[in-house]
Amino acid sequence: MSEEHFVVIGNGPAGNQAAQTLKEKAPEARVTLISKEREGYYKPCLLPEYMAGKISEDQIYLSTVDAYKEKGIKLRSGQEVVDVKPRRREIVLDHKEVLRFDGLILAVGGRPRIPEPLLVFRDLMMTLKTLEDAKTWIEKISRVDRVLIIGGDLTSLAVTKALIALGKEVYFMLDENAFWPLRCNDDMFQDVSDRLSKRGVKTFYNCKLNSMAQRSEHAVEVRVGDDIFEAGLIGAFFGLVPNVGFLARSGLPLDRGLLVNETLNTGFEGIYATGDCAQVFHPEIRDYWVSIGHDNAKALGRTAALNLLGERRPVDVATESLFDVQGIKVNTSWWMEF
Ligand SMILES: Cc1cc2nc3c(=O)[nH]c(=O)nc-3n(C[C@H](O)[C@H](O)[C@H](O)COP(=O)(O)OP(=O)(O)OC[C@H]3O[C@@H](n4cnc5c(N)ncnc54)[C@H](O)[C@@H]3O)c2cc1C
């Protein structure tokens with residue numbers, strides 16, 4: 001019988017951990033790790049510090065491309081999966097190659113969320129999700145003095161810190177959707193606003209974004225409430241949503257993310273989803289929850305790999321650690337101080 005072939009899609013903390021666990025527990029199996037990003041495994045949490053010039057590119061990598069060879073994992077970086085055919089046990093890559101698998105773990109993470117009313121301004125706003133995004137920020141930031149941050153989420157605070165360290169003038173528009181996935185009340189908004197102001201950030205709170213218009217290569221005119229000003233760059237930070245659009249025709253169960261049971265199984269034998277892209281069933285509350293955060297992703301990646309190898313480990317999340325954000329149950333391992 002030929003060796004088993006396990007495929008992991010995604011080389012973030014969840015996918016990387018899943019691939020390593022598979023190889024460690026089933027050394028005889030073939031493990032392929034596919035990532036549309038060209039780089040090795042890096043820590044997204046370090047991107048704001050990299051942007052600020054506090055650490056070099058080398059310092060954000062946790063595993064280089066060569067390290068996978070040594071571990072016996074075949075890394076296919078810079079390759080995008082465009083479809084999954086669960087019944088045929090095949091995945092389709094963007095260059096039309098079809099790859100067969102015996103077991104599959106989807107760990108495709110999230111993508112930046114832009115709320116519907118702001119979609120019209122999409123091309124005028126930047127986000128920060130990948131190393132490539134961070135490089136784009138670095139390239140553009142040197143040419144501007146003022147940056148407007150809209151949103152946001154926890155990343156927006158880290159980016160604001162980085163911008164202050166770079167000597168930029170920062171305007172911050174606290175949106176009503178701000179700090180997703182955390183729940184915020186008026187007191188918390190006031191607290192964040194005070195902290196930002198103390199650091200010299202001009203904050204707008206409870207103001208409507210009326211318009212944005214490109215005035216020159218490095219200036220966008222923004223109207224917020226009664227204020228009109230120009231910003232060199234605008235960052236949109238509204239959290240991440242599961243990156244599952246490419247699976248729409250796959251037949252895999254989708255809602256907000258990839259629906260899985262408490263053992264992270266998609267309902268198809270040998271096919272699991274894990275990390276930020278999964279929506280996990282919780283038997284006690286009879287509802288699904290999503291995970292956000294680096295440490296959660298790693299733990300979920302390991303559980304998916306063990307279950308693919310035959311265990312039946314449920315993901316153990318205490319009901320009191322789940323909170324409700326706009327009707328979605330969320331569990332996060334992420335917190336930071338500003
Ligand atoms: C700037 C930033 C700062 C953050 N800071 C913190 C922090 O301080 N603390 C914290 O706990 N969390 C933080 N997070 C969140 C944390 O990084 C995520 O929760 C975590 O990375 C999720 O891991 P994941 O493996 O599920 O997904 P991701 O890390 O999103 O990885 C997804 C992987 O899938 C690949 N992929 C996606 N689609 C395809 C496809 N179609 N084909 C092939 N490959 C594909 C991507 O290239 C990537 O390799 C931060 C995130 C960002 C972006």
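Order of listing sets the numbers, starting from 1, for every ligand and every atom in it.
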Next item on the list: Check Lys43 against ligand 1 and report side chain, backbone, both or neither, counting heavy atoms closer than 4.0 Å.
Entry: neither
Notebook entry, point to check: Considering only heavy atoms of Gly110, which atoms of ligand 1 have at least one such atom less than 4.0 Å away?
Noted result: 30 (O)
Next item on the list: Please state which part of Asn296 comes within less than 4.0 Å of ligand 1, counting heavy atoms only: side chain, backbone, both or neither.
Entry: neither
Check: Which of the numbered atoms in ligand 1 are below 4.0 angstrom from a heavy atom of Gln79?
Finding: 43 (C)
Check: Where is the tightest heavy-atom contact between Ile34 and Gln79, given as atom of each residue plus distance?
Finding: CG2-O, 3.4 Å
Check: What pair of heavy atoms forms the shortest contact from Lys129 to Pro112, and how long is it?
Finding: CB-CG, 3.9 Å
Check: Is the shortest N/O to N/O distance between Lys36 and ligand 1 below 3.5 Å?
Finding: yes
Checklist line | Which of the ligand 1 atoms, numbered from 1, are nearer than 4.0 Å to a heavy atom of Ala297 | finding: 22 (C), 23 (O)
Margin query: If the threshold is 4.0 Å, N to carboxylate O, is there a salt bridge linking Arg38 and Glu132?
Written below: no
Next item on the list: Report the part of Ala107 (side chain from C-beta onward, or backbone N, CA, C, O) that has a heavy atom under 4.0 Å from ligand 1; answer both or neither where that applies.
Entry: backbone
Next item on the list: Measure across Ala162 and Pro48 and return the closest heavy-atom pair with its distance rounded to 0.1 Å.
Entry: CB-O, 3.4 Å
Checklist line | Close-contact set for ligand 1 against Lys129 heavy atoms, below 4.0 Å | finding: 28 (P), 30 (O), 53 (C)
Margin query: Under 4.0 Å from a heavy atom of Gly275: which atoms of ligand 1 are those, numbered in the order shown and with their elements?
Written below: 26 (O)
Check: Hey, is ligand 1 close enough to Cys277 that some N/O pair sits below 3.5 Å?
Finding: no
Item checked: For Gly12, atoms of ligand 1 separated by under 4.0 Å from a heavy atom -> 25 (O), 29 (O), 31 (O), 33 (C), 49 (O)
Notebook entry, point to check: Is the closest heavy atom of Gln17 to ligand 1 under 4.0 Å?
Noted result: no
Next item on the list: Name the option, out of Asp276, Val108, Thr155, Val81, that contains the heavy atom nearest to atom 22 (C) of ligand 1.
Entry: Asp276
Item checked: Proximal atoms of ligand 1 relative to Pro13 (non-hydrogen, under 4.0 Å) -> 20 (C), 21 (O), 23 (O), 25 (O), 29 (O)
Checklist line | Distance-only N or O hit between ligand 1 and Thr274, under 3.5 Å | finding: no
Next item on the list: Please report the C-alpha distance between Lys25 and Glu311 in whole Å, then the side-chain angles of each, then the deciding distance to 0.1 Å, and finally whether the salt bridge (Lys or Arg N to Asp or Glu O under 4.0 Å) criterion is met.
Entry: CA-CA 11 Å; Lys25 301 283 176 189; Glu311 292 196 21; over 6 Å; no
Notebook entry, point to check: Is it the side chain (CB and beyond), the backbone, both or neither of Ile9 that lies under 4.0 Å from ligand 1, heavy atoms counted?
Noted result: side chain
Margin query: Using a 4.0 Å cut-off to any heavy atom of Asn243, which atoms of ligand 1 qualify?
Written below: 37 (C), 38 (N)
Side-chain donor-acceptor pairs of residues 269-279 under 3.5 Å, sequence neighbours excluded:
from: Tyr272; atom 1: OH; to: Asn307; atom 2: O; distance (Å): 3.2
from: Thr274; atom 1: OG1; to: Leu300; atom 2: O; distance (Å): 2.7
from: Thr274; atom 1: OG1; to: Gly301; atom 2: N; distance (Å): 3.3
from: Gln279; atom 1: OE1; to: Arg256; atom 2: N; distance (Å): 2.9
from: Gln279; atom 1: OE1; to: Gly257; atom 2: N; distance (Å): 2.7
from: Gln279; atom 1: NE2; to: Asp255; atom 2: OD2; distance (Å): 2.9

Note to self: Less than 4.0 angstrom from a charged side-chain N to a carboxylate O is my criterion; do Asp194 and Lys198 meet it?
What the structure shows: no
Note to self: Test of understanding: with ring pair (Phe, Tyr, Trp, His ring centres under 6.0 Å), list the residues that count as partners of Tyr61, not counting sequence neighbours.
What the structure shows: none
Next item on the list: Nearest 0.5 Å please: distance from the CE atom of Met125 over to the CD1 atom of Ile114.
Entry: 4.5 Å
Next item on the list: Locate the shortest heavy-atom distance separating Cys45 from His294; write the atom from each residue and the value.
Entry: SG-CB, 4.0 Å
Notebook entry, point to check: Say you draw a straight line from CD of Gln17 to OH of Tyr41; how long is it, rounded to the nearest 0.5 Å?
Noted result: 7.5 Å
Checklist line | Between CG on residue Leu209 and CE on residue Met173, distance to nearest 0.5 Å | finding: 4.5 Å
Margin query: Please check whether Leu240 reaches ligand 1 - meaning an N/O of the residue sits under 3.5 Å from an N/O of the ligand, judged on distance alone.
Written below: no
Note to self: Does any N or O of ligand 1 fall below 3.5 Å from an N or O anywhere on Ala14, backbone included?
What the structure shows: yes
